[in-house]
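Heavy-atom basis, side chains included; hydrogens, waters and symmetry copies ignored.
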Amino acid sequence: MIDIAALAAIRTIDLTTWGRRSGRPLRIEIWWFHVDGRFVVTGTPGPRHWYANVLTNPTVIVHVADQDLPATARPITDPRLRHLVFTDAQTSWYLGQSSLDELVRNAPMVEIDFAEGPAD
């Protein structure tokens, strides 16, 4: 297991979700961020298969640094936390894609909670 700081320094991960209709594993490459002590996956507003899948089945696997880490993806719905994520320097790219208000209201966003937490 790698430590939190090493994990947080990596921007691109692969994320496996399970298809909401098929039940089959689906793996995508996606960005994640370490904001306010949380690992967060988000995107621009609009439908996303990965997000629809985790709403049906929150079990995911994070593939990072040659590891396959089981986790749970929990939707972040608190507007204050969503605002905090989108105003963090790491996520500034998103502000060029959509307004802050639109991102806070409509962007898919989950917190990754590791089933077996990484070492501190």
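- Annotation: salt bridge (Lys or Arg N to Asp or Glu O under 4.0 Å) contacts of Arg11 (sequence neighbours excluded): none.
- For residues 44-72, no residue pair satisfies the ring pair (Phe, Tyr, Trp, His ring centres under 6.0 Å) rule, not counting sequence neighbours.
- Cluster membership check: Trp18 does not share its hydrophobic cluster with Val62, using side-chain heavy-atom separations under 4.5 Å among Ile, Leu, Val, Met, Phe, Trp and Tyr.
- Residues that satisfy the ring-ring contact (aromatic ring centres under 6.0 Å, His included) test with Trp31, not counting sequence neighbours, are Trp93.
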Can you give each donor-acceptor pair under 3.5 Å made by side-chain atoms of residues 33-40, sequence neighbours left out, with the distance rounded to 0.1 Å?
residue	atom	partner	partner atom	Å
Asp36	OD2	Arg38	NH1	2.9
Arg38	NE	Glu111	OE1	3.4

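- Among all heavy-atom pairs drawn from Leu103 and Gly43, the shortest one is CD2-O, 4.4 Å.
- No side-chain donor-acceptor contact under 3.5 Å links Ser98 to the backbone of Thr44.
- Here the straight-line distance linking atom CH2 of Trp32 with atom CD of Gln90 works out to 11.5 Å at 0.5 Å rounding.
- Linking Ile, Leu, Val, Met, Phe, Trp and Tyr whenever their side-chain heavy atoms come within less than 4.5 Å puts Val64 and Ile28 in one cluster.
- For the atom pair CZ of Phe114 and OG1 of Thr72, the computed distance is 10.5 Å after rounding to the nearest 0.5 Å.
- Following chains of ILVMFWY side-chain contacts shorter than 4.5 Å, one cannot reach Val110 starting from Val85, and the two form parts of different hydrophobic clusters.
- Taken from CD1 in Ile13 to CD1 in Ile112, the straight-line distance is 6.0 Å, to the nearest 0.5 Å.
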Distance-only check: which donor-acceptor pairs under 3.5 Å involve side-chain atoms of residues 54-61, not counting sequence neighbours?
residue	atom	partner	partner atom	Å
Thr56	OG1	Ala52	O	3.4
Asn57	OD1	Thr59	N	3.0
Asn57	OD1	Thr59	OG1	3.2

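- A distance of 9.0 Å separates OG of Ser99 from CG of Asn106, quoted to the nearest 0.5 Å.
- Remark: Arg21 CZ to Asn53 CG distance equals 9.0 Å, nearest 0.5 Å.
- Placement of Val41 and Ile76 in two distinct hydrophobic clusters is found when ILVMFWY residues are connected by side-chain heavy-atom separations under 4.5 Å, directly or transitively.
- With sequence neighbours excluded, no residue satisfies side chain to side chain donor-acceptor pair (under 3.5 Å) with Arg82.
- Follow the hydrophobic side-chain contacts under 4.5 Å out from Val104 and you reach Leu95 in the same cluster.
- Between Gly19 and Leu26, the shortest heavy-atom contact is CA-CD1, 3.8 Å.
- The two atoms that bring Pro108 and Thr42 nearest to each other are O-OG1, 2.6 Å, heavy atoms only.
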